[in-house]
Amino acid sequence: MTAPGSPSLGPPLGQPVAVVPGGDSWDRVRDDLATHGTALVYARLSDLEPVVPSGDGLRELLGRDWTRYLDLTHADVRGRYIASRMLLKHAASAVLDSDPADLELAYGPTGRPYLRGCDQIDISLSHTDDLLLVGLTTCGLIGVDAERADREMHGSGLGRHICTPYESVLLSGMPEPQRNDALVRLWTLKEAYSKAIGQGMQFRFTEFGFGPDGRAVRVQRPDGTAGTGDEWIFRTFPVADGYVVSAAVYDAGFGRLHDAHVTTMLDQDCVDAITEALAEVPDGA
């Protein structure tokens, strides 16, 4: 996390909001999006599973993801897939003031999800073990990632696959007990940034880096020089039950969106298609 007093870069980020079925935290999610232009939402898989719909209700919720769901063969993978889409759609519906079943997820060429027809809001999804994480922004682009804080990375030798040369030097200068925490932070930041720019795992983590915790964070080149400006903001947060989550948000300079209702979020192509279809409906039909 950025230390108190550190300069603020780009759009601010509020603390991740924990949500549970039937809870009242959705007001905080809406407030965060209105205030910051970005909202981070997380939930426990074990809390969501009991309220997952079945039968026609599940098919309605998944929409076009239904065929993807049917292709999954393992029960635990299916359960996580349903819960993650349910959280994503409920989070989006909370800020768009719409029904979750009315929102349709689509996927770009790299598999990056987006809300079809709502081009003014960007979304990202991550899950690990029992934690599901969703990021939403009206600022431009967002990527999020979650990981267990105690995941063993340093002792397993993952550092050489994660760190730039500059990061490796910084890591070697840290006390031994702090190195694994630092690697988990770097891993989640790099995952989040890669998702935000639509690269997934295609962008080698040794080709870009981040500075030490406690400072305003920018993407760095392998030698430690700045690779991005203040159009990006990066934050890492500890959350309940031993997890760490990171977010990367790109501010495209559109300014704050004051009305995020679904009826104002439709892109022009979608509006034109609807208008054309309505014009073809016979009078009195």
Side-chain angles (χ1 to χ4, degrees), residues 1-3 6 8-20 23 25-26 28-29 31-33 35-48 80 83-88 90-92 94-95 112-113 121-137 139-153 158 162 178 180-197 199-201 205 209-219 232-250:
M1 288 185 294
T2 302
S6 296
S8 175
L9 300 179
L13 282 173
Q15 292 283 335
V17 179
V19 295
V20 295
S25 297
W26 294 113
R28 278 192 56 202
V29 177
D31 289 345
D32 276 0
L33 194 76
T35 302
H36 306 305
T38 300
L40 304 177
V41 184
Y42 70 96
R44 300 296 299 268
L45 177 63
S46 53
D47 289 332
L48 296 181
R80 195 180 304 278
S84 64
R85 270 60 189 175
M86 184 171 73
L87 178 62
L88 180 51
H90 276 80
V95 299
R112 194 173 188 274
I121 187 166
D122 196 50
I123 57 175
S124 184
L125 174 67
S126 180
H127 52 78
T128 183
D129 290 346
D130 193 41
L131 190 82
L132 303 168
L133 173 68
V134 166
L136 310 102
T137 189
C139 294
L141 299 173
I142 189 169
V144 297
D145 190 63
E147 188 55 77
R148 287 206 61 87
D150 60 359
R151 178 181 175 183
E152 182 57 50
M153 290 188 174
L158 275 176
I162 298 173
Q178 297 179 15
N180 198 72
D181 289 347
L183 276 176
V184 172
R185 170 182 172 268
L186 288 174
W187 175 269
T188 57
L189 283 171
K190 294 187 181 195
E191 284 271 14
Y193 178 62
S194 295
K195 291 178 182 179
I197 61 177
Q199 293 298 307
M201 297 295 289
F205 284 2
F210 293 91
D213 195 6
R215 301 180 186 176
V217 183
R218 284 191 174 99
V219 175
W232 283 93
I233 186 171
F234 304 91
R235 293 286 301 274
T236 302
F237 304 88
V239 296
D241 302 317
Y243 291 95
V244 170
V245 303
S246 286
V249 181
Y250 173 73

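Quantities reported herein were computed from a predicted structural model and do not represent experimental measurements. One-based numbering along the sequence shown.
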Open item on the list: Any salt bridge linking D122 with R112? Criterion: basic side-chain nitrogen under 4.0 Å from a carboxylate oxygen.
Closed with: yes
For [X] and [Y], indicate whether the former's side chain and the latter's backbone hold a donor-acceptor pair under 3.5 Å.
X	Y	result
D130	S46	yes
T188	V245	no
K195	L125	yes
H36	D32	no
S124	V144	yes
S246	D145	no

- [ ] Test side chain to side chain contact (heavy atoms under 4.5 Å, CB included) on Y42 and Y243 and set out the steps.
- [x] CA-CA 11 Å; Y42 70 96; Y243 291 95; over 6 Å; no
Task: Where V184 and R148 come nearest, the two heavy atoms and their spacing - done: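 Heavy atoms of V184 and R148 come nearest at CG1-O, 3.9 Å.
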Please report the interatomic distance [atom1]([X]) to [atom2]([Y]), rounded to the nearest 0.5 Å.
X	Y	atom1	atom2	value
I121	L136	CD1	CG	5.0 Å
L133	L88	CG	CG	10.5 Å
L131	D241	CG	CG	8.5 Å

- [ ] Find out whether H127 and L45 are in side-chain contact, i.e. whether some heavy atom of one side chain is under 4.5 Å from a heavy atom of the other.
- [x]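 Result no, sub-4.5 Å side-chain heavy-atom pair not found.
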Open item on the list: Could you tell me if the side chain of R185 sits less than 4.5 Å from the side chain of V244, heavy atoms only?
Closed with: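 They are not in contact (no side-chain heavy atoms under 4.5 Å apart), so the answer is no.
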TODO: Could you pull out all residues at least two apart from E152 that satisfy side-chain contact (heavy atoms from CB on, under 4.5 Å)?
DONE: H154, N180
Task: Step-by-step side chain to side chain contact (heavy atoms under 4.5 Å, CB included) determination, L186 to F205 - done: CA-CA 9 Å; L186 288 174; F205 284 2; over 6 Å; no
Task: Plane angle bin for W232 and Y250 - parallel if under 30°, tilted between 30 and 60°, otherwise perpendicular - done: tilted
